[in-house]
Amino acid sequence: MNEILEIPAGSVQFAGYDTDDFGRVFIWNDRVFRGVRKEKEVMAMFACGLLEELQEKNLIPKTWITKIQMEGFNLILEHEKIPVINYPYEWSFNMLKDAALTILKVNKVAEEYGYQTKDAHGHNIIFHFATPKFVDIGSFIPKNPAASKQWIAYEEFVKFFIYTLDIWKSQNSYIAQRILSYPLNKNAHVNYLLYTYPLLRRINKKYLEHLVSSYYKIRLLGGQQYTNPKLSGFKGKLLQQLKKRNLLPFQKVNFDKLIKKINKININTYNTEWDYYHDQFTEKDGKLSSTPRFDYIINILKKMDITDVLELAGNQGVLSRLILERTSINRVTCSDYDEIAVDKLYQHVKFTEVSITPILFDFVYPINFNYFSDTFSRFKSDAVLALAVIHHLVLSQSYPLDFIFNILKGYSKKYVFIEFMPLGLYNPKVPHTPSVPSWYNIEWFRKTFNQHFYLIEETTLEKNRILFIGEIRMNAEV
């Protein structure tokens with residue numbers, strides 16, 4: 001782009017609310033930009049080499065200065081677009097761990113240039129497939145020369161990452177996900193301590209909070225101005241003398257040691273209901289084996305005008321990975337509510353670098369935090385695959401079929417691939433399979449399907465699998 005281009009603010013889609021004095025992210029022509037108010041600060045970060053090194057190390061999205069102008073901003077940056085936006089409460093354990101390591105690596109680089117991040121929560125990290133990237137360059141601030149080894153966001157890092165990883169490693173994924181869904185957990189210290197160390201419940205909660213609060217205030221004393229009224233007089237003089245003699249405690253943050261600490265946090269091995277479900281498809285050499293059922297679905301996808309796919313209840317993502325191997329589809333979002341299955345998927349994607357975004361969530365009742373974009377807008381894809389899952393939702397969890405189909409329409413731009421299991425919860429490995437209700441039959445399923453979708457194909461793939469392929473009815477309720 002050689003010429004200056006003026007774009008009106010009314011033609012762009014802003015992300016979030018205008019609460020950051022640094023600038024604001026917006027979408028224009030399906031590209032990601034950041035309007036910057038503090039031009040000098042950004043130019044200094046480019047000039048010193050900080051942003052260049054972070055990009056070289058793949059720790060932030062590629063970022064460059066544009067010639068675009070827009071009212072209200074002094075500078076417009078463009079960022080590499082991450083195709084699927086995912087939030088911390090949709091990560092697996094090892095995704096959370098890698099996000100924590102990314103925050104630390106970013107700060108380790110920033111420290112070399114005299115910078116630090118003022119934030120250390122996970123909402124500044126987005127996974128570009130299996131690569132966590134720090135996306136808020138407005139979080140970088142110069143370090144106080146008087147406290148060059150401090151990190152003002154250390155307390156937030158402890159609350160968001162260390163506490164949550166420590167809870168999750170003991171198999172408490174439900175609690176961990178709920179913690180991650182609340183970005184401002186003001187009482188995290190006391191709640192964590194009381195949960196982890198029951199004997200502390202005998203101490204007055206307010207007193208415990210005061211002790212912890214005092215500890216973190218002490219950590220920042222080295223960088224404070226002692227002309228502050230609260231630190232004047234005898235208290236200020238005492239702190240100055242302690243600082244001169246290097247006697248102020250807890251003033252340094254060593255990022256290498258923190259990285260080692262995070263690397264040592266490993267989840268205790270445990271089994272979930274579906275964690276093993278796709279193990280049979282991975283051979284000893286790491287290659288994937290397929291089935292005639294998978295092959296049929298992949299061949300249909302090849303013939304369709306589709307660029308992206310969302311697989312719901314995709315377990316370890318075997319079909320998602322096969323789709324990328326055998327079709328021209330650009331990317332796949334693969335989700336499941338089983339935390340171990342999604343973690344296995346993440347490890348596969350991480351080491352093979354395929355274009356799959358792993359998501360840990362219940363697509364029927366996802367966590368949707370009002371401040372952020374909902375799951376429909378973030379995960380919507382050309383085709384949605386919901387294979388071998390509807391019968392569980394209907395028969396085991398009593399969800400109405402209309403309700404489920406409306407959800408699937410919310411995630412699809414064009415097509416759906418849905419399996420009907422005529423034998424219900426039939427399992428050849430289980431001697432006594434529950435009988436299906438009289439209303440649960442192919443006619444009932446087909447009639448409801450046709451109310452929501454144009455039927456493209458109905459094919460029996462296996463004894464208990466009938467595949468319905470449909471296109472969304474434009475006038476159907478979503």
Are W151 and F157, when compared by the centres of their aromatic rings, separated by less than 6.0 Å? yes

Is the backbone of Q171 close enough, under 3.5 Å, to the side chain of S173 for a donor and an acceptor to pair up by distance? no

Taking Q55 for the side chain and L51 for the main chain, is one N or O donor matched with an acceptor at less than 3.5 Å? yes

Walk me through whether I175 and W168 qualify under side chain to side chain contact (heavy atoms under 4.5 Å, CB included). CA-CA 8 Å; I175 295 175; W168 198 337; over 6 Å; no

Indicate whether the side chain of N94 and that of K97 have a donor and an acceptor atom separated by less than 3.5 Å. no

Between N315 and A313 (side chain of the first, backbone of the second, donor and acceptor by atom type, cut-off under 3.5 Å), is there such a pair? no

Can a donor-acceptor pair be found, under 3.5 Å and without considering hydrogens, that links the side chain of Q316 to the backbone of D343? no

Give, for atom CD of E156 and atom OG1 of T117, the distance between the pair rounded to the nearest 0.5 Å. 8.5 Å

For the residue pair Y346 and F127, is the inter-centroid distance of their aromatic rings smaller than 6.0 Å? yes

Is a side-chain donor or acceptor of S213 paired with a backbone partner of E209 at a separation under 3.5 angstrom? no

Do I329 and T307 have side chains that approach each other closer than 4.5 Å (heavy atoms only, starting at C-beta)? no

Hey, is NZ on K414 packed in by over 12 heavy atoms from elsewhere, all under 6.0 Å? yes

Backbone N/O of K169 and side chain of N268: donor-acceptor pair under 3.5 Å: yes

Pairwise side-chain contact, L310 with T333, heavy-atom cut-off 4.5 Å (strictly under): yes

Side-chain H-bond candidate by donor/acceptor type, T375 with Y411, under 3.5 Å: yes

I472 versus F405: any side-chain heavy-atom pair under 4.5 Å? no

Do K118 and I152 make a side-chain contact, defined as non-hydrogen atoms from C-beta onward lying under 4.5 Å apart? yes

Shortest non-hydrogen contact from P142 to Y115? N-CD2, 3.7 Å

Please find the pair of heavy atoms, one from N368 and one from R378, that lie closest to each other, and give the distance. OD1-NH2, 4.5 Å

Evaluate the side-chain proximity of D21 to R37: yes if any heavy-atom separation is below 4.5 Å, no if none is. no

Ignoring hydrogens and angles, tell me if any N or O in the side chain of Q150 forms a donor-acceptor pair with the backbone of K252 under 3.5 Å. no

Between F379 and F363, does the ring centre distance come in under 6.0 Å? no

For the CD atom on E353, are there more than 12 heavy atoms of other groups (residues, nucleotides or ligands in this structure) within a distance under 6.0 Å? no

D382 (side chain) donor-acceptor with I306 (main chain) under 3.5 angstrom: no

Centroid-centroid under 6.0 Å between H189 and Y163 rings: yes

Around atom CD of E71, are there more than 12 heavy atoms from other residues, nucleotides or ligands closer than 6.0 Å? no

Could you tell me which non-hydrogen atom of S355 sits nearest to which non-hydrogen atom of N330, and how far apart they are? CB-O, 3.4 Å

Y174 side chain to E339 side chain, donor-acceptor N/O pair below 3.5 angstrom: no

Return yes if some donor-acceptor pair links the side-chain N/O of S377 with the main-chain N/O of S373 below 3.5 Å, else return no. no

Under the side chain to side chain contact (heavy atoms under 4.5 Å, CB included) rule, what do V364 and F403 come out as? Steps first, then yes or no, please. CA-CA 9 Å; V364 178; F403 173 73; 3.5 Å; yes

For the pair T102 (side chain) and K133 (backbone), establish whether a donor and an acceptor sit closer than 3.5 Å, ignoring hydrogens and angles. no

Does the pair K143 and E111 meet the rule for a salt bridge (Lys or Arg N to Asp or Glu O under 4.0 Å), with working shown? CA-CA 8 Å; K143 279 206 164 193; E111 188 175 54; 3.2 Å; yes

Should the pair E78-R31 be classified as a salt bridge under the 4.0 Å nitrogen-to-oxygen rule? yes

Mind running side chain to side chain contact (heavy atoms under 4.5 Å, CB included) on R34 and F22 for me, showing each step along the way? CA-CA 10 Å; R34 185 185 300 269; F22 179 87; 3.9 Å; yes

Test side chain to side chain contact (heavy atoms under 4.5 Å, CB included) on K108 and D256 and set out the steps. CA-CA 8 Å; K108 184 181 176 183; D256 286 321; 2.6 Å; yes

If the test is side chain to side chain contact (heavy atoms under 4.5 Å, CB included), which one of L5, T66, V36 qualifies with I76? T66

Can you confirm whether the side chains of E311 and S320 place a donor and an acceptor under 3.5 Å from each other? yes

Less than 4.5 Å apart, side chain to side chain, heavy atoms only: is that true for I27 and V12? no

Spatial distance of atom CG (L345) from atom SG (C334) [nearest 0.5 Å]: 5.0 Å

Looking at the rings of F140 and F134, which for Trp means the six-membered one, are their centres under 6.0 Å apart? yes

Do other residues, nucleotides or ligands put more than 12 heavy atoms under 6.0 Å from D305 CG? no

To the nearest 0.5 Å, how far apart are CD1 in I356 and CD1 in I359? 12.0 Å

Identify whether NZ of Lys or CZ of Arg in R24 sits under 6.0 Å from the centre of the six-membered ring of F26 and within 45° of that ring's axis. no

